[in-house]
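Note that ligands are numbered from 1 as they come in the structure, with each ligand's atoms numbered from 1 the same way. The figures that follow rest on heavy atoms only: side chains count, while hydrogens, waters and symmetry mates do not.
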Amino acid sequence: KDFGVQETLKRLGIEPINQGVSTGTHWFDCNGAVTESVSPIDGSVIAKVKNANAADYEEVLETAQEAFKVWRKMPAPKRGEIVRQIGNALRDAKDDLGKLVSLEMGKIYQEGLGEVQEMIDICDFAVGQSRMLYGFTMHSERPDHKMMDQYHPLGIVGVISAFNFPVAVWAWNAMLAAVCGDVIIWKPSSKVPLCALACHNIIQKVLKDNDVPEGVFNLVVAKSSVMGDNFIEDKRVPLISVTGSTAIGKRVAEKVGARLGRTIAELGGNNAIIMAPSADLDMAIPGIVFGSVGTAGQRCTSTRRLIIHESIYEDVKTRLLHAYKQVEGKIGNPLDEKTLVGPVIDNGAVEVYKHAIAEVKKAGGKIVYGDKVLDGNFVVPTFCEVENHWQIVQDESFVPVLYIMKYKTLDEAIHLHNDVPQGLSSSIFTMNMREAQTFISAIGSDCGIANVNIGTSGAEIGGAFGGEKETGGGRESGSDSWKTYMRRQTNTINYGIDLPLAQGIKFDF
Ligand code: UN1
């Protein structure tokens with residue numbers, strides 16, 4: 001069964017060979033290498049992409065600089081109106097784009113649709129935000145003076161996105177940046193270039209209809225060896241938003257930091273759920289299973305560790321075993337509605353899976369369920385009993401391997417919880433108000449996201465998304481994340497007839 005893939009590709013404007021660079025409505029004649037996009041489902045080539053070379057990148061950058069001069073002057077609500085239309089174009093293309101995400105990245109179709117929904121949601125959010133780029137006004141200490149904050153457009157925003165959310169991460173960044181008056185250069189993961197091309201095809205008509213200058217929305221498919229350092233070292237790009245592994249993020253942050261540029265880093269997680277004695281297991285088990293096997297364990301927010309109170313440990317383990325057995329029967333083609341778990345992204349990920357399990361065994365852990373590589377890139381979601389301090393448990397393995405462990409007191413649970421290098425998402429299942437409040441208090445979870453009675457993954461776009469420690473500290477998406485995409489200016493205005501100095505300083509001459 002081909003699930004209508006060819007028709008979907010056609011409707012999304014994906015050809016057998018595609019140009020990989022766009023400045024909005026213009027597709028370049030690219031001069032870089034030709035690469036293939038391979039589906040993780042069966043290893044087949046979906047289509048080819050002509051990559052950018054260094055000269056193509058330079059041309060895009062210059063076009064973006066010119067576009068910024070025009071775009072920054074357009075009133076923010078007018079920019080918001082264009083983002084509103086982009087949101088509608090995404091609504092129309094939701095089924096097709098969701099399917100392409102599934103085909104090229106391997107997540108199940110439902111999750112592909114969910115990812116496109118996040119794009120639509122952030123468009124709606126950004127439209128509202130375009131009328132709310134608020135600064136404060138302050139009362140001056142001097143008579144007949146006033147003070148205020150203003151937020152101005154920043155310039156070119158570089159977006160480096162990862163394979164696991166091939167479209168939503170761009171939208172979180174690009175739609176906010178666009179209403180803020182910035183222009184965007186998107187470098188997608190080379191594992192999923194077609195999703196990026198499809199996004200640009202979808203927005204093209206809106207850009208044309210509204211005469212949006214060429215260079216506001218840019219896409220550059222390029223090998224890291226060609227574009228990587230040029231991009232992150234480029235002083236003309238004041239902000240780089242990077243999603244990926246901690247290793248990639250550190251490299252980007254160092255290079256951008258060396259020129260005192262700004263970064264938004266959204267890196268690895270090692271997300272845990274604390275299962276307290278009063279946890280409602282009927283609610284918790286589906287949350288754990290979605291968090292640990294959803295997207296085949298390839299979300300930044302995937303549940304990696306379960307910290308279970310000793311009084312319910314055996315019960316949770318038995319229920320989990322039952323759930324994992326059911327899931328094993330639903331591994332398969334992610335385009336098939338009955339499938340719950342698709343493939344991991346590539347053979348490298350299969351090796352990470354094997355390595356994680358081997359390390360657990362070596363350290364003396366017990367594999368409770370799983371430990372099976374199926375054909376191609378398909379693996380059976382696995383869970384094992386471990387100790388938190390083992391190196392393999394401290395590392396983020398971007399595969400469906402869940403670690404479980406026991407605790408006695410809440411203090412101990414919170415200590416175990418925080419005792420990893422990463423700090424993205426976290427949650428506690430409890431009916432005890434003291435435990436819940438302690439977990440989200442200053443002495444509780446040290447993560448950017450801390451939930452009560454829901455799992456670690458599947459955050460809504462309305463909150464600020466990101467985390468602490470090796471997760472990188474960046475915040476994307478909702479709340480006041482928009483501020484990072486703008487430059488802040490404090491104005492003091494004297495409307496009087498004297499020039500009093502601040503701090504009461506007298507300077508007579
Ligand atoms: C990611 O894995 O990079 O919270 C993003 C979630 C999604 C986003 C994940 N809304 O799981």
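Checked by atom type, the side-chain pair Y353/T382 shows a donor-acceptor distance below 3.5 Å. Residues N388 and Y403 have side chains that never bring a donor and an acceptor to within less than 3.5 angstrom of each other. A donor-acceptor contact closer than 3.5 angstrom links the side chains of D42 and S44. For the 3.5 Å distance criterion, the side chains of S278 and T430 qualify, holding a donor opposite an acceptor. With 3.5 Å as the limit, one finds a donor-acceptor pair spanning the side chains of N173 and E476.
Each of the following atoms of ligand 1 lies closer than 4.0 Å to a heavy atom of R299: 2 (O), 6 (C), 7 (C), 11 (O). Against a heavy-atom cut-off of under 4.0 Å, S457 is close to the following atoms of ligand 1: 11 (O). Applying the 4.0 Å criterion to heavy atoms of N164 picks out, from ligand 1, the atoms 1 (C), 2 (O), 3 (O). Remark: ligand 1 atoms within the under-4.0 Å shell around heavy atoms of E266 are 3 (O). Set against the non-hydrogen atoms of F465, the atoms of ligand 1 under 4.0 Å away are 4 (O), 5 (C), 9 (C). Of all the atoms in ligand 1, the ones that sit under 4.0 Å from a non-hydrogen atom of W172 are 5 (C), 8 (C).
When heavy-atom distances to ligand 1 are checked against a 4.0 Å cut-off, T295 has no atom that comes that close, whether in backbone or side chain.
Nearest protein heavy-atom contact of atom 7 (C) of ligand 1 is E118 OE2, 3.4 Å. Shortest contact from atom 6 (C) of ligand 1 to any protein heavy atom: G458 N, 3.2 Å. Closest to atom 11 (O) of ligand 1, if we only count protein heavy atoms, is T301 OG1, 2.6 Å. In this structure, atom 2 (O) of ligand 1 lies nearest to the protein heavy atom C300 N, 2.7 Å. Distance from atom 4 (O) of ligand 1 to its nearest protein heavy atom, with residue and atom name: A459 N, 2.7 Å.
Ring centroid separation for the pair Y151 and W482 comes in under the 6.0 Å cut-off.
Between D124 and R91 there is a salt bridge, with a side-chain nitrogen of the basic residue lying less than 4.0 Å from a carboxylate oxygen of the acidic one.
Ring orientation note: the planes of W170 and H200 are tilted relative to one another, at an angle of 30° to 60°.
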